[in-house]
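Each chain gets a letter, A, B and so on, in the order its sequence line appears, and its residues count up from 1.
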Amino acid sequence: MIKITFPDSSVREYESGITGYDIASSISPRLAKEVLSVSVNDELWDITRPIVNDSSIRLHKWDDEEGKHAFWHSSAHLMAEALEALYPGMKFGIGPAIENGFYYDVDPGEEIIKDSDLPKIEQKMKELIALKNGYQRQDISKKDALRIFKEKGDEYKQELINDLEDGTITLYSQGNFTDLCRGPHLPDTAPIKAVKLLSVAGAYWRGDEKRKQLTRIYGITFPKKSMLDEYLALLEEAKKRDHRKIGKELELFTFSQKVGQGLPLWLPKGADLRTRLEMFLRKLQKKSGYDQVITPHIGQKELYVTSGHYAKYGADSFQPINTPAEGEEFLLKPMNCPHHCEIFKNKPHSYKDLPIRYAEFGTVYRYEQSGELHGLTRVRGFTQDDAHIFCRPDQLKAEFIDVIDIILYIFRILDFKDYTAQISLRDPENTTKYIGSNENWDKAEQAIIEACAEKGLETVVETGEAAFYGPKLDFMVKDAIGRKWQLGTIQVDYNLPERFELEYVGADDQKHRPVMIHRAPFGSMERFVAVLIEHTAGKFPLWLAPEQAVVLPISEKFNDYAKKVVDLLDEQDVRAVVDDRNEKIGRKIRDNELKRIPYMLIVGEKEAENDEVSVRKQGEGDRGSMKIAKFAAILNEEIASELAK
RNA sequence: GCCGACGUAGCUCAGGGGUAGAGCGUUUCCUUGGUAAGGAAGAGGUCAUGGGUUCAAAUCCCAUCGUUGGCUCCA
């Protein structure tokens with residue numbers, strides 16, 4: 001007999017050799033039907049694998065990550081089986097479960113797999129599901145594993161096996177398909193009731209663009225047909241929040257082929273929104289001791305040679321601008337830090353002056369590869385809400401924490417709850433990617449980790465994700481369909497102060513090197529506005545809305561009164577416009593609802609007689625009539641409460 | 001940059017080897033209406049651009065540009 005410990009710490013005895021499935025059955029038939037995988041001493045197992053030692057277990061159903069994972073991973077194998085049947089000789093890379101579904105990277109040789117081939121692959125998968133083949137696990141020696149895949153002619157699997165320890169290698173087979181795999185898998189294909197292959201993409205083998213590009217097929221499966229329908233409906237719904245769509249509908253921004261790709265044109269309402277965000281941050285920064293500076297859009301190439309950016313990015317960025325005078329070379333400003341370093345050097349600084357905080361809404365230009373451009377979230381010309389803090393080493397942590405506070409404050413005001421704070425450290429295996437001494441890197445990384453710990457900030461650590469000159473703390477926020485974008489960023493830098501030979505005079509009358517913090521709470525105005533649009537679906541908070549109210553005259557007879565209302569509201573700092581089209585009130589309401597203007601003010605004979613407006617809130621409906629001044633007061637109160645979070 | 005998809009009126013899209021369609025928007029006229037689409041008439045397109053095939057190309061083929069789902073990259 002063995003002892004099985006459950007998550008609630010209860011312990012039951014079972015015969016040695018019991019399986020996860022058997023344990024689930026012993027609890028309830030329903031659980032047995034739903035269990036997909038099992039964690040045995042925190043290792044994920046098949047529910048058919050015999051447990052022979054005392055263990056603590058967790059059973060996973062569809063609702064658990066681990067359950068879905070087994071389901072989708074098994075689906076990936078199923079797709080591979082279908083592919084092998086349809087395309088004999090196809091070679092396989094890796095095929096994992098992902099957050100939503102699964103993919104498989106395959107090398108179809110001479111064949112090209114297109115979107116239009118997906119239905120026939122789906123069809124094959126459905127045929128294979130009907131066979132209800134079991135997934136068989138098999139331990140195998142490294143030598144045998146290599147032999148099998150060598151015979152099959154699959155060099156990708158051989159490469160993977162070569163990186164594995166002998167004694168840890170397992171194969172899984174279902175039907176005619178055998179794959180190198182750690183598992184776990186479903187007992188058989190029967191639970192897979194709905195299949196949808198979503199897209200075809202190119203993906204470099206092992207993520208290395210110097211290696212062969214394989215064909216990646218994305219798919220998703222569900223235990224019920226209705227769940228697939230719901231998922232697809234959800235995706236459709238999410239697409240309605242796409243900032244590119246809403247940006248067009250609400251006339252916030254546009255692009256022009258003639259101006260160039262990745263170069264956004266802000267339309268009046270978008271510019272208004274963006275300016276308001278800038279003013280908001282300006283005010284916040286003023287309170288936090290920042291000084292606003294302004295620097296030019298180009299700088300001598302030499303400036304970026306000094307900063308190290310030219311060596312790192314020069315070849316892959318916009319090329320130098322040449323002037324009629326010989327030998328002059330300028331670069332479009334790809335970042336503001338070198339300029340700010342030169343501002344710091346404008347005069348000598350005492351330790352008493354520090355920290356010095358230079359802020360600038362600095363527009364920068366970066367040559368992003370064409371395939372990387374994406375709406376407003378990835379562009380070639382954008383404006384960073386940048387600032388550089390020059391401080392003494394003993395001030396670093398406090399400064400860092402202050403910046404975290406600014407970012408969290410902004411997220412709170414704008415209701416961004418679902419964010420990830422990511423600490424990006426350098427890859428210790430590959431230090432040539434970075435500049436600066438090991439000692440400085442260690443100090444900088446330590447400072448970030450300590451500051452986060454002190455703030456009690458929940459973080460994830462990514463090694464190898466640091467900037468080339470220093471580690472950073474990034475705040476990642478998801479868009480409508482779940483893609484993560486970096487918004488706020490804080491970076492510690494010991495390198496630029498050294499390269500620019502920045503100094504201050506200490507209490508000891510000696511020269512010392514300041515530490516630098518790069519930070520941008522929004523990240524860039526473009527990306528921030530994009531994510532804000534997707535979060536709000538274009539229904540901006542009142543304080544940000546380009547138009548806060550629209551006055552709707554019942555008939556053209558009341559257009560003059562409507563204009564008077566707008567003027568009166570303007571005196572109370574309320575942004576209002578008139579819809580004076582020759583349309584019925586129902587039509588005006590509909591159109592302005594769709595424009596997401598927060599308040600509609602309906603005016604006709606009754607209102608004109610009493611200096612009133614009939615108030616209607618966007619998405620909510622009639623709020624009754626009130627004096628114009630009262631409405632303005634209510635609106636300003638609402639704004640105050642939005643900004644008091 | 002790479003793999004896949006797409007590009008038709010301001011917007012959303014249908015069509016498709018025989019010379020251009022719808023709805024919305026826009027313009028004019030009628031209507032002056034009280035809480036989510038009033039009516040009529042008109043204007044508007046070198047079917048992304050450049051080649052090729054063909055008696056004939058918006059339609060088929062190639063290239064380029066742009067957009068897009070991914071990959072890589074992201075100072």
Base, sugar-phosphate, or nothing: which does [X] touch, judged by heavy atoms less than 4.0 Å apart?
X	value
A:Arg378	base
A:Thr215	nothing
A:Tyr469	sugar-phosphate
A:Gly207	sugar-phosphate
A:Gly586	sugar-phosphate
A:Ala203	sugar-phosphate
A:Ile602	base
A:Arg623	nothing
A:Lys114	sugar-phosphate
A:Lys472	sugar-phosphate

Taking only side-chain nitrogens and oxygens of [X], does any of them come within less than 4.0 Å of OP1 or OP2 of [N]?
X	N	answer
A:Arg216	B:C3	no
A:Arg527	B:C74	no
A:His374	B:G70	no

Item to check | Pair partner, B:A56 [Watson-Crick or wobble, under 3.5 Å] | outcome: none
Checklist entry - So which nucleotide does B:C73 pair with, by the Watson-Crick or G-U wobble rule with both distances under 3.5 Å? => result none
Item to check | Within the 6.0 Å centroid threshold, strictly below: A:Phe102 and A:Tyr218 | outcome: no
Next on the checklist: So for A:Glu607 and B:G34, does any side-chain atom that can act as donor or acceptor lie under 3.5 Å from a complementary atom in the base?
Outcome noted: yes
Out of [options], which has the shortest distance to the side chain of [X]?
X	options	result
A:Lys248	B:G33, B:U35, B:U12	B:U12
A:Ile112	B:G4, B:U32, B:A75	B:G4
A:Asn582	B:G69, B:U32, B:U72	B:U32

Checklist entry - Considering heavy-atom distances to RNA chain B, does A:Gln213 or A:Ser625 have its closest nucleotide positioned more toward the 5' end? => result A:Gln213
Item to check | Whole-Å distance separating the NE2 atom of A:His518 from the P atom of B:C74 | outcome: 16 Å
